[in-house]
Amino acid sequence: MSEIPTRFEHAEEADKIAQAWTDAKCSHADPESSKPPFSVVIPPPNVTGALHLGHGLNNTLQDIVVRRKRMQGFETLWMPGTDHAGIATQAVVERRLKEQENKTRHDLGREALVDRIWQWKDQYEERIIGQLKRMGTSCDWERLRFTLDPICAAAVRATFFDLFGKRRIYRGKRLVNWDTFLQTAVSDDEVFNQTKKGHFYHFRYPVIDPKPGEPEFVTIATTRPETMLGDTAVAVHPDPAAALDAVEAGLREKLSDANEKEAADLNKQIEALQKRREERLPELIQLRDMAADGRKLMLPLVDREIDLVADEWAKPEMGSGCVKITPAHDPNDYEVGIRQDLPMINILNSDGTLNGEGGPFAGLTIPKARKAVVAALEELGLMGDIEDREIELPHSDRSKTPIEPYLADQWFVAMDELAQSAMDAVSDERVQIFPARYRKGYLDWLSEKRDWPVSRQLWWGHRIPIWSVGGLSQEQANELSSDLEKLAERHPDQIAQRIDSDGVDTAGETTKAIFVCIRSEDETVEADVEALGLQQDPDVLDTWFSSALWPHSTLGWPAQTPELAKFYPTATLITSRDILTLWVARMVLMGLNNVGEVPFSEVFIHPKILDGLGETMSKSKGNGVDPIDVIDKFGPDALRFGLARLATETQDVRMPVQYECPSCEKLIDQTKKNRALPSMDCPACGKPFSTQWAETEEDKSLPKAAVVSERFETARNFVNKLWNASRFVMMNLDGFEPTSLDVASLPIEDRWLLSRLSTVTQTVGDAIERYQFGEAARVLYDFAWDEFCSFYVEIAKPRLSDDSQRQIAQNVIAHGLDQLLRLLHPIMPFVTESVWNHLGQFAPKRGVPEPTEVGPFVMTASFPVADESHHDSQIERQFSEFQQIVAAIRQIRASQNIAPKETLPAAIRCSASSQELLQPMTAYFEALAGAEVQSLGPETTAFETDAHLALPDVDVDVHVDLEKFIDVEAELARLEKLQGQLTGQITGKQNKLSNESFVSRAPADIVQKERESLAGLQTQLEAVAQDILKLQSKK
RNA sequence: GGGCGAUUAGCUCAGUUGGUUAGAGCGCCACGUUGACAUCGUGGAGGUCACAGAUUCGAGUUCUGUAUCGCCCA
């Protein structure tokens, strides 16, 4: 036994254990199994970078669920994989290319760039999988998928083909968020707003042929003057008077329930509004009439006639009351353009420079064009005031450069019916979301039913499977279409085509375009289509398109595989809240569309992990914690337990982050300042270390500090506690003989343990079932430490060295440990497996009441089921009495500062029934409290030099003989403190009970309880007062 | 502007349907180490439950409002 070390050496053990699991194929799922299925798909981590603690939490929680279900006898599949993360990964690789080689993707070309990204992917996938494996996640590693691999690609093609055929995919010109740096559209979700200093420019457009009395100019204002080159109208409100009325009414309503400060402000606004009405309204009405009369304006600099239109987008209360309309470069103007049927003029090239429509400004970048346009307008005398103003500017999350609204051809998925299907699935609870409050966000987002733009002008991703040719006459189109029909007959179910209008040719005729979608990645079919003059769309699909298919694509869909039949739909999806809409909602609708069933029945949204300053963790801030660093320092089980106990209902957890000095292992709190430093000196040992920001050779040569959190210390200590308790148990299993036991005749401490096990098993099971991982972890921690170790094991010590009791005690304690290992295994797989292995050598057959053979792995052992027959609340109450007496004796000892090795005589007054139960336990007072019980029962009296503590709740008085130890001052201090506490409580209760309405209105049992409790306190107080008198006489 | 959430001990967090004196871990103080464990044990100090109202015999818990912080959407 001496070979079992006093610590669990995770660094040496974890790999061996993981290897043993792999060799035994413990986590491999068999679709042919007759066991009921339980499956989970991993939220595929981005190959953009390595995992941090957020992923650590996500995957720990999944593994807890998965391991438990596996132990419960389900054929369990946890499908692992990674996500190609289109724009994010390409952006990272492009940025590196720029930094390290000063090249753009265009210097490299499509194929070479994609090659580089694949290299990146291979590197990070390996890293990510390595991180997951070290955390102990029990994925089925034989089934690793990647969203860009051939299996997933086939699913993407099949889905696109299907939606194209159903006309749920269409092509349209839409205003998109254009990233001029990456030269791609980015989704709304990839845009963030930043407030910057800018200007608000006022300028004038001349009216063409104004009638007498009509204004010669219209004044408009904008923060982006260069967009005037793309203006196609100026709008004025169709009913400016009513619009002003409405605004005023709104202000007055606010005024009616405003406080004084707000009222003053509101009154000012109303005043200003009335002034504006006097000054501006007549002209706005006049302009409205001019618009109705078809008056036009001359757009300066490019000399283009543009319309004056009446549209509600113009706000009479703002600016001049008139607004310029640039439909191709502003989302609101785009809406106006659609309503008013205005031309849409794109003035930008894809790189953000002005195109030919910019006339004299063509080729300039936006900032340069802005200056030039302003100067030119000034020269023409058309420029008015220029105000300073803070401007909310959209930026691309990927390149951190400003977004330009840009009109581009895009493929869209029509969302009306698909979104509805995903809403219905949640509304009728085929998919349940936990915590339930997230339902609202999910439903609100889907209810907008905004069509989903899926084109991305990128090179990394699933190429859009559309081939097209445009500029055709109707006849040409018909001819080509029939050629394609013939081709389609040769390749059944592989080709779908559609004719759309394309544009207008020089003669003013509408031209046609033909779009062909090819179902499978088949070079012959593609070559045949290309031979007809069609070309493949250069764009790729939004990365979420392939992730939306994840639960069925990973199982082989569209092929009808055994895996799909056995494991779809999956059971539960555990993820973070920020992708509830982008990912979860889309998986639901795609699952319904493709397979006809929801992809999972439950979704659990877990908290986010923030750093000590309340900020989300990320590499770019320097506060990201790598799970590997935590594992190196504290072990995988500590990482997992530490994370699991954080996963409470309340969202988001702060986790203060520290640098670990590589020289002296001191933990140094991270601050905003030091987390940005490339290197620093350890405040403890003074030696320098580097951080992730190290750039210079000098910094890089220093040892690097890991970024960890001491929050895992508690968990590490718990692992060690379990290890050592197990070690003790096994040290005492020599000569173990499996024995059938009659539970009813076992001593109270054994029945107490069995009863507690029954309760804890039930609570833990329920908690995990309800995704209350924090609760499960806490209950197990408290049970293992405070009950199993602190009481059961301590009590077992004398029994294990007593031959007459040894065998029973061995059987029960082995069973207790066995059950604890099983319960803890899903959270702490390594240490439990290691102990299980050792335990098996001493007690290969174990269990209460009937020992049975156990298997080689706790991972594949059965998860405990609460044994109701073992639960005994009477026993638990009585044992609690014992615990309280122990605590009372310890308290007296501590207050008297009595050395642990000294044994104290004690006398315990209790009821006759308690006496019966406590009599056999008297030896344990010695073991747990160093007390020798000299008398026990109703007739017990105090000692001559007595210290007394009453336990009114259980009707017990504890007396300790202080003859040899008495420290009168200390005892007096203890008693006086107690007296103070009691007096306070008594006053409180007397007040409560003298309150007439409490006595008459509160339920009788509550009042009765208060009365009894007061009486108990008063008796106690009297006793204390007497003890004090007695002691004072001895002074 | 709309929605969601948070605010409890120095720090990080629990607190089930309203009912004794609001809990844990870390940190702090005191004492303790020849045996399972100092990654430990025993005891202790430490809280106006953000603020203001309301409901109630009784509010950390229910309702309304305010403040501060965070996230999502526009």
Side-chain angles (χ1 to χ4, degrees), chain A residues 1-2 4-8 188-189 193 259 331 392 435 437-441 444-445 448 577-578 580-581 607-608 610 612 614-616 634-635 638 642 645-646 648-656 669 709-732 763 772 774-775 777-779 781-782 785-786 789-790 793-794 796-797 886-887 889-901 928-930 952-953 974 977 981-982 984-986 988-989 992-993 995-1003 1005-1007 1009-1010 1012-1014 1016-1017:
Chain A
M1 186 45 49
S2 54
I4 299 184
T6 61
R7 298 175 185 193
F8 175 55
D188 290 345
D189 317 296
N193 285 314
N259 63 34
E392 282 257 301
R437 64 171 177 279
Y438 290 110
R439 278 169 60 112
K440 188 171 156 51
D444 286 352
W445 186 81
E448 291 184 23
R577 79 175 97 89
D578 35 9
L580 179 63
T581 51
K608 299 198 75 161
L610 311 174
E615 297 184 33
T616 51
F634 298 108
R645 75 207 297 262
L646 294 176
T648 59
E649 274 283 311
T650 320
Q651 296 296 298
D652 297 350
V653 205
R654 282 189 181 210
M655 179 170 290
D669 280 345
S709 176
E710 65 187 359
R711 289 281 161 252
F712 293 99
E713 233 167 44
T714 306
R716 189 264 322 263
N717 294 351
F718 180 51
V719 171
N720 196 54
K721 185 75 180 177
L722 179 72
W723 176 256
N724 273 296
S726 309
R727 184 165 163 268
F728 171 80
V729 170
M730 291 183 286
M731 284 167 71
N732 286 282
T763 313
Q772 293 175 349
E775 163 89 355
R778 225 172 3 260
V779 166
Y781 180 96
D782 291 347
W785 201 306
D786 299 337
C789 293
S790 294
V793 170
E794 289 305 321
K797 283 177 181 172
V886 168
I889 299 171
R890 284 172 173 174
Q891 226 175 318
I892 296 171
R893 293 186 70 110
S895 69
Q896 290 287 312
N897 227 338
I898 297 168
K901 45 191 161 221
L928 275 89
D953 285 353
R974 179 182 79 86
K977 184 178 148 201
Q981 285 171 350
L982 288 167
Q985 285 169 47
I986 286 169
K989 288 204 188 294
K992 203 168 185 181
L993 282 162
N995 180 346
E996 175 52 31
S997 48
F998 172 70
V999 177
S1000 59
R1001 297 211 203 185
D1005 58 324
I1006 296 284
V1007 177
K1009 234 163 90 185
E1010 286 295 309
E1012 283 167 14
S1013 146
L1014 176 62
L1017 289 169

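First the proteins, then the strands, lettered A, B, ... as listed; each starts at 1. Please read all numbers here as calculations on a predicted model, not as lab measurements.
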Per-nucleotide protein contact string for nucleotides 16-31 of chain B (B base, S sugar-phosphate only, - none; heavy atom under 4.0 Å): ---BBB---SS----S
Residue A:Gln891, side-chain atoms from C-beta onward, closest of B:rG5, B:rA36, B:rG44: B:rG44
Touch class at under 4.0 angstrom, heavy-atom based, for A:Lys797 against every strand present: base
Ring geometry between A:Phe718 and A:Trp785 (parallel below 30°, tilted from 30 to 60°, perpendicular above 60°): parallel
Rounded distance in Å between the P positions of B:rG18 and B:rU62: 9 Å
Sugar-phosphate only, base, or nothing, as touched by A:Val653 at under 4.0 Å among non-hydrogen atoms: sugar-phosphate
Sugar-phosphate, base or nothing in reach of A:Arg893, heavy atoms under 4.0 Å: nothing
Interatomic distance at C1', B:rC63 relative to B:rU56, whole Å: 12 Å
Sugar-phosphate only, base, or nothing, as touched by A:Gln896 at under 4.0 Å among non-hydrogen atoms: nothing
Sugar-phosphate only, base, or nothing, as touched by A:Arg890 at under 4.0 Å among non-hydrogen atoms: sugar-phosphate
A:Lys797 to A:Phe728 six-membered ring, cation-pi geometry met (6.0 Å, 45°): yes
Pairing pattern in dot-bracket form [Watson-Crick, G-U; both distances under 3.5 Å; | = partner strand] for RNA chain B: (((((((..((((.....[...)))).(((((.......))))).....(((((..]....)))))))))))).
Whole-Å C1' distance, B:rA24 and B:rG47: 14 Å
Atom pair CZ/CZ of A:Arg716 and A:Arg7 - distance to nearest 0.5 Å: 8.0 Å
Those residues that, when tested against A:Asp444, pass salt bridge (charged side-chain N to carboxylate O under 4.0 Å, His left out) (two or more places apart): A:Lys440
